[in-house]
Structures are given as C-alpha cells and as structure tokens.
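Below: the structure, in structure tokens.
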Amino acid sequence: MPELPEVETIKRQLARKVIGKKLRNRKITNVRRRAKLLIIDFSDNSSLIFHLKLTGQLIFNGKPSSSTRKVFYFEDGSHLTFNDARKFGWWKKVKGTKRAEEGFGPEALEVDFKSLKTLFKKRSNTKIKPLLMDQKSIAGIGNIYSNEILFAARIHPLRQVKTLSEKEAWQIFHNVKKILKKAIQYRGTTEQYYRDACGQEGDYLKLLKVYGREGKKCSRCGAAIKREKIGGRSAYFCPKCQPL
DNA sequence: ATTCGGACCTGAAAGC
DNA sequence: TGCTTTCAGGTCCGAA
C-alpha cells in the first residue's frame, strides 16, 4: 500500500497529534518521512522507525483488531496502533537514524530536473518503470504511482531509459511532481488496506487512470487498458496513448 | 548491470 | 457449496 503520498499523509496527521506527547519518559520532538519510512524522533535523540510495506497501518487512538501488532501508549492516555495484516511491515527503535536513512536516492518531490537527467544517463540501459520504483534512484514512488505517472506522461512502462527524449524526460519529471502532490491532497489511495492516521480511507482511488483498471476504457482515447508483468509487478498502461 | 524467481505472510476475489 | 488459484500500495536475496 503505502507509497510516498500515503506515508506523507500519515506523517502530517501524526505530527499534529503526537508532537509533545511523552512515551516512556521521552518527549516526541518530530515526525518525519524519508522515502517510505515514517520516523518519530524523541527528546533523548532516539527514534522509532516504521516501514508499512504492503498492509501496514498507523492509526492514532486506533481500536486494536486481529491485525494489530503493537500499541504505543502515551502518558496522557492516548495511543498509536500499528496494524499489519500481512506482517511484512516493521518498526525499530534506534539511537540515530543516519544508518536507516542511507541508501535512498533523492526524494521524488525534491529532485530537480538536472539530477533526474543525470540519473537517466547513468541508468540508460534499464526500463523506465522499474527505475521510477527503485528507491536507491528516486525515493518514494511505488507501483500505483509509477503507473499513473507514466500514463500522464504518455510513456510506455517498458521504454528503455536511453531512448527518452528531452521532452519525454521533462514530461516524466513534471508528472512525478504533479501526481504525487495531487495524491497527497487526496490523502493517498485506498485500494484495500490503506488507512490514514485517523483511520480514514484515502480518496485518490477515484482519480486513478490506469492502476487496477485492466480491460477498462482509457479515459483519454477509449482503448482497453492493458496489464503486463514488468520486473515482477503489474504494469498498467494504455497501449494507444503509451505506444512503445 | 540487469532481470528473474522466490521468499517473507495473510486474506479477498475469481475460477472451476 | 467448496476447493484451488491468483492477486495484492514492498523489499531483499541469489542465480542466470
């Protein structure tokens, strides 16, 4: 589930709710996001790091359920519930976050066009969709938004990076920013498991143009949306708007 | 360097 | 009504 927009949504909501609260004598000083990691910092310079993987949820004052893996209780009686149906997600307590934050590429919402073009040059032999999802190259984009970005940019997910023109590279850059910002405005996409920190579903599902829409009509041209496995993940695209 | 399959788990939906 | 198969917002590892 959670890609950049979902984790960012949770981060913003939690920041408003838990900064200043105390957990086992330590005060929460900040709530941050790096790539798809959610980081809670404490006054003693320790931190809690979460990765929600596919089905993780972090819900403030969430009612425990069968998928609840951990509940963090604050000194004022409120709590933070970590649910994870598939148990891929994790959390850990660290003394510093430097190690955990290493190895990621620039944040998708912060990378500039020049750096993106440099990356395209360096990774010219790979395919564009797996590259957009590679956290070491650009941090935050996953399967839903890589599909949506490439549809908006009219680029086939299998395109070799070295064949992209300047104009096409710009379209990708432009739509990375545009789609992710819009998805944050809508508090992310709930396909099944995702909930924000208030336990609410995200509203971006209704704006999806290709993800999960195999066989349905393209909103631009009416052709049937296709699904194809690329790099082990389902790529969704319009064969007419995104020709190879 | 890149791609592939499998591994980690559970549960919902679709197929027969 | 079952029983089986497929699929899922992520990442990691080892083998071609």
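Please read all numbers here as calculations on a predicted model, not as lab measurements. A, B, ... follow the sequence lines: proteins, then strands. Residue 1 opens every chain. FYI, side chains are in, hydrogens and waters are out, and symmetry mates aren't considered; it's all heavy atoms of this structure.
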Q) When you measure from the side chain of A/Arg227, which nucleotide among B/dT3, C/dG10, C/dC7 comes out closest? A) C/dC7
Q. Could you give the CZ-to-C1' distance, from A/Arg233 to C/dT6, as a whole number of Å?
A. 15 Å
Q: Give the rounded distance in Å between these two atoms: CD of A/Glu6 and P of C/dG10.
A: 9 Å
Q. With a 4.0 Å cut-off on heavy atoms, is A/Arg69 in touch with a base, just the backbone sugar-phosphate, or nothing at all?
A. nothing
(Q) Is there a side-chain contact between A/Ser234 and the phosphate of C/dA8, meaning an N or O under 4.0 Å from OP1 or OP2? (A) yes
Q: For C/dT11, take OP1 and OP2 only and decide whether either is under 4.0 Å from a side-chain N or O of A/Gln135.
A: yes
Q: Would you kindly say whether A/Thr55 and A/Arg86 are connected by a side-chain donor-acceptor distance under 3.5 Å?
A: no
Q | A/Lys127 side chain near B/dT3 phosphate (N/O to OP1/OP2, under 4.0 Å) | A | yes
Q. Does a side-chain heavy-atom distance below 4.5 Å link A/Leu23 with A/Glu75?
A. no
**Q.** Spacing of the P atoms in C/dC3 and B/dC8 (rounded, Å)
**A.** 25 Å
Q. Residues in side chain to side chain donor-acceptor pair (under 3.5 Å) with A/Ser47, at least two apart?
A. A/Asp41
Q: State whether A/Lys229 places a side-chain N or O below 4.0 Å from either non-bridging phosphate oxygen (OP1 or OP2) of C/dA8.
A: yes
Q: Take atom CG of A/Leu205 and atom P of C/dA8, then tell me their distance rounded to the nearest Å.
A: 15 Å
Q: Mind calculating the distance between NZ (A/Lys87) and P (C/dG10) to the nearest angstrom?
A: 21 Å
Q: Evaluate whether atom NZ of A/Lys209 has more than 12 neighbouring non-hydrogen atoms of other residues, nucleotides or ligands under 6.0 angstrom away.
A: no
Q.
Measure CZ/A/Arg213 against P/C/dA8 and give the value in whole Å, please.
A. 16 Å
Q: Look at the side-chain N and O atoms of A/His51 and state whether any lies under 4.0 Å from the OP1 or OP2 oxygen of C/dG10.
A: no
**Q.** Base of B/dC8 and ring of A/Phe88 stacked, centres under 5.5 Å, planes under 30°
**A.** yes
Q. Taking side chain as C-beta onward, heavy atoms only, is A/Tyr186 less than 4.5 Å from A/Pro5?
A. no
Q) Could a donor-acceptor pair under 3.5 angstrom be found where the side chain of A/Arg123 meets the base of B/dA1? A) no
